[in-house]
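Structure, as structure tokens:
Residue numbers start at 1 and run along the sequence shown. As the structure is a computational prediction, the values presented were derived from the model and not from experiment.
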Amino acid sequence: MGRHREQTVEGVDPHLNVRIHEAAEGTTGPRRPVVLLHGFASSAKLNWEDAGWITALTQAGRRVVTVDLPGHGGSPSPEEMDAYSPSRIRADLLQLIYNAHVRPLKDNDDSTGVDLVGYSLGARLAWEFGATQPEMVRRMVLGGPGVGDPLADFDLRAAQQYLADGTEIADPTTAELLRMATLVPSNDVFALLTMIEAIKMEPFVPAEAVPRMPVLLVAGEKDELAATAPELAKLSGNAELLWLPARTHANAVTSRAFKNAAVEFLTG
């Protein structure tokens, strides 16, 4: 197995923990980086490293940039709510790309622009980023996507009450999301609740800003949160849709078929 070198990015926004994974030695691929955006209550390590994504991409000759969202993984947990808003995270992501000296896309120059891979919340952020920064994004792979936003209906009051005294949460989606948040030791649960509050103030409306670059949408056949992925594909007009048999929202990201399809799509 090839080796990859990691390094930190100097000068990026302090709300984002960023790592660069160099292409495996002896491999060749497009020189533009692939930026990976994980899901809510996860991390770059859980979504991408442990699931084999970094190995798959670096073995394919790609330079990989992983980002921990605020309150997740190795990122700090700022007190101000603005740090968790989707618009602020997208601005931080753009600054990260500028700091890495990525130039706008140019025909026949594979060192320009970036490719994006996002899962769940990361897919929402990537959709909006691609729509608002089309000069920087060549292709996107979005996993577990849908036109809705499960965090928008999260019962914050019930979650806070549960954390305070153990009162049972009536809404099953809220209960499951909170369970996921508390399973990861590195997560700051109260920071994640702040993120949910910030996201509620900026609801996901995919039709308002539609990315026009090629997009691969990937979802598990048993993923209820991604049941509306065909609606996203129709909005895009430039999307392919791949269903993963027997996979759910929780385990689709680990699928070998998902990784293989993404590597092939990003090579196109």
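N260 and E264 share no donor-acceptor pair across their side chains, judged by distance under 3.5 Å alone. A donor-acceptor contact closer than 3.5 angstrom is absent between the side chains of R62 and T27. Defined by atom type and a distance below 3.5 Å, a donor-acceptor pair is present between the side-chain atoms of S111 and D109.
For A209, the side-chain contact (heavy atoms from CB on, under 4.5 Å) partners two or more places apart in sequence, or in a different chain, are A131. When the salt bridge (Lys or Arg N to Asp or Glu O under 4.0 Å) test is applied to K45, the partners found at least two apart in sequence or on another chain are D50. Qualifying salt bridge (Lys or Arg N to Asp or Glu O under 4.0 Å) partners for D171, counting only residues two or more places apart in sequence or in other chains: none. Legend: residues meeting side-chain contact (heavy atoms from CB on, under 4.5 Å) with A41, ordered by chain and number and at least two apart, are M180, A181, N187, L192. Residues meeting the salt bridge (Lys or Arg N to Asp or Glu O under 4.0 Å) test with R256, sequence neighbours left out: none. Residues passing the ring pair (Phe, Tyr, Trp, His ring centres under 6.0 Å) test with W53 are W48, F258, sequence neighbours excluded. Remark: L105 engages R32, T112, R138 in a side-chain contact (heavy atoms from CB on, under 4.5 Å) (not counting sequence neighbours).
Between V218 and F265, the closest side-chain pair of non-hydrogen atoms is not below 4.5 Å. For the pair L217/L242, no side-chain contact is recorded, criterion being any heavy-atom separation below 4.5 Å from C-beta on. L37 places none of its side-chain heavy atoms less than 4.5 Å from the side chain of N47. Within the 4.5 Å cutoff, no side-chain heavy atoms of T66 are placed close to those of E49. With a 4.5 Å cut-off on side-chain heavy atoms, I196 and L177 do not count as touching. Residues L266 and V117 are in side-chain contact: their nearest non-hydrogen atoms beyond the backbone lie under 4.5 Å apart. When side chains are defined from C-beta on, W127 does not count as touching P145, because their heavy atoms never get closer than 4.5 Å.
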Report task. Could you walk me through whether L96 and V65 pass side-chain contact (heavy atoms from CB on, under 4.5 Å), step by step? Result -> CA-CA 10 Å; L96 180 161; V65 179; 4.2 Å; yes
Requested in this report: Show your reasoning for whether side-chain contact (heavy atoms from CB on, under 4.5 Å) applies to L125 and L93.
Outcome: CA-CA 10 Å; L125 295 169; L93 180 60; over 6 Å; no
Requested in this report: Begin with the C-alpha distance, continue with both residues' side-chain angles, and end with the deciding distance and a verdict on side-chain contact (heavy atoms from CB on, under 4.5 Å) for M195 and I199.
Outcome: CA-CA 6 Å; M195 172 176 274; I199 287 173; 3.7 Å; yes
Report task. Please report the C-alpha distance between V67 and L36 in whole Å, then the side-chain angles of each, then the deciding distance to 0.1 Å, and finally whether the side-chain contact (heavy atoms from CB on, under 4.5 Å) criterion is met. Result -> CA-CA 6 Å; V67 180; L36 307 182; over 6 Å; no
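Taking a 6.0 Å sphere around CE of M201, one finds it holds 12 or fewer heavy atoms contributed by other residues, nucleotides or ligands.
In terms of heavy-atom proximity, G130 sits nearest to P211 at C-CB, 3.9 Å. Nearest heavy-atom pair across D68 and S75 is O-OG, 2.6 Å. When all heavy atoms are compared, the tightest approach of G148 to T228 is N-OG1, 4.1 Å. A56 and V263 get closest at one heavy-atom pair: O-CG2, 4.1 Å. When every heavy atom of S42 is checked against every heavy atom of H72, the shortest pair comes out as O-CD2, 3.3 Å. The shortest non-hydrogen separation linking E128 to P86 is OE1-CB, 4.0 Å.
In this structure a side-chain-to-backbone donor-acceptor pair under 3.5 Å is missing from S236 to A233. Not a single donor-acceptor pair under 3.5 Å links the side chain of Y84 to the backbone N or O of L193. Here the side chain of T194 pairs a donor or acceptor atom with the backbone of F190 at under 3.5 angstrom. A distance-only check finds no donor-acceptor pair linking the side chain of T55 to the backbone of G52 [under 3.5 Å].
Criterion: ILVMFWY side-chain heavy atoms under 4.5 Å apart, direct or through other members. Under it, F204 and M140 are part of a common hydrophobic cluster. A single hydrophobic cluster is seen to contain both L116 and I20, as judged by linkage of ILVMFWY side chains at heavy-atom distances under 4.5 Å, directly or through other members. L225 and V147 fall into different hydrophobic clusters, defined by Ile, Leu, Val, Met, Phe, Trp and Tyr side-chain heavy atoms under 4.5 Å apart, directly or through other members. Residues M81 and L156 do not share a hydrophobic cluster, defined by chaining ILVMFWY side chains whose heavy atoms lie under 4.5 Å apart. There is a path of hydrophobic side-chain contacts, each under 4.5 Å, that joins L16 to Y98.
In this structure, CE on M136 lies 5.5 Å from CD1 on I97, to the nearest 0.5 angstrom. Here the CG-CG distance, from L216 to N238, works out to 11.5 Å after rounding to the nearest 0.5 Å. From L57, atom CG reaches atom NZ of K259 across 10.0 Å, with rounding to the nearest 0.5 Å. Atom CG of D115 and atom CZ of R63 lie 13.0 Å apart (nearest 0.5 Å). One distance of note links CD1 of I169 with CG of L178; it measures 5.0 Å at 0.5 Å rounding. Between R139 atom CZ and T267 atom OG1 the span is 9.0 Å, to the nearest 0.5 Å.
Listed by first and then second residue, the side chain to side chain donor-acceptor pair (under 3.5 Å) pairs that reach into residues 195-213 are S87-E202, sequence neighbours excluded. Listed by first then second residue, pairs satisfying side chain to side chain donor-acceptor pair (under 3.5 Å) with a partner in residues 148-168 read R124-D149, Q161-D165, D165-T167, not counting sequence neighbours. Residue pairs that meet the ring-ring contact (aromatic ring centres under 6.0 Å, His included) test with at least one member in residues 234-255, sequence neighbours left out, are Y119-H249.
Side-chain heavy-atom separations under 4.5 angstrom define the hydrophobic clusters, and V205 shares its cluster with no other residue. Hydrophobic cluster of V184: the remaining members, joined at side-chain heavy-atom separations below 4.5 Å, are L46, listed by chain and number.
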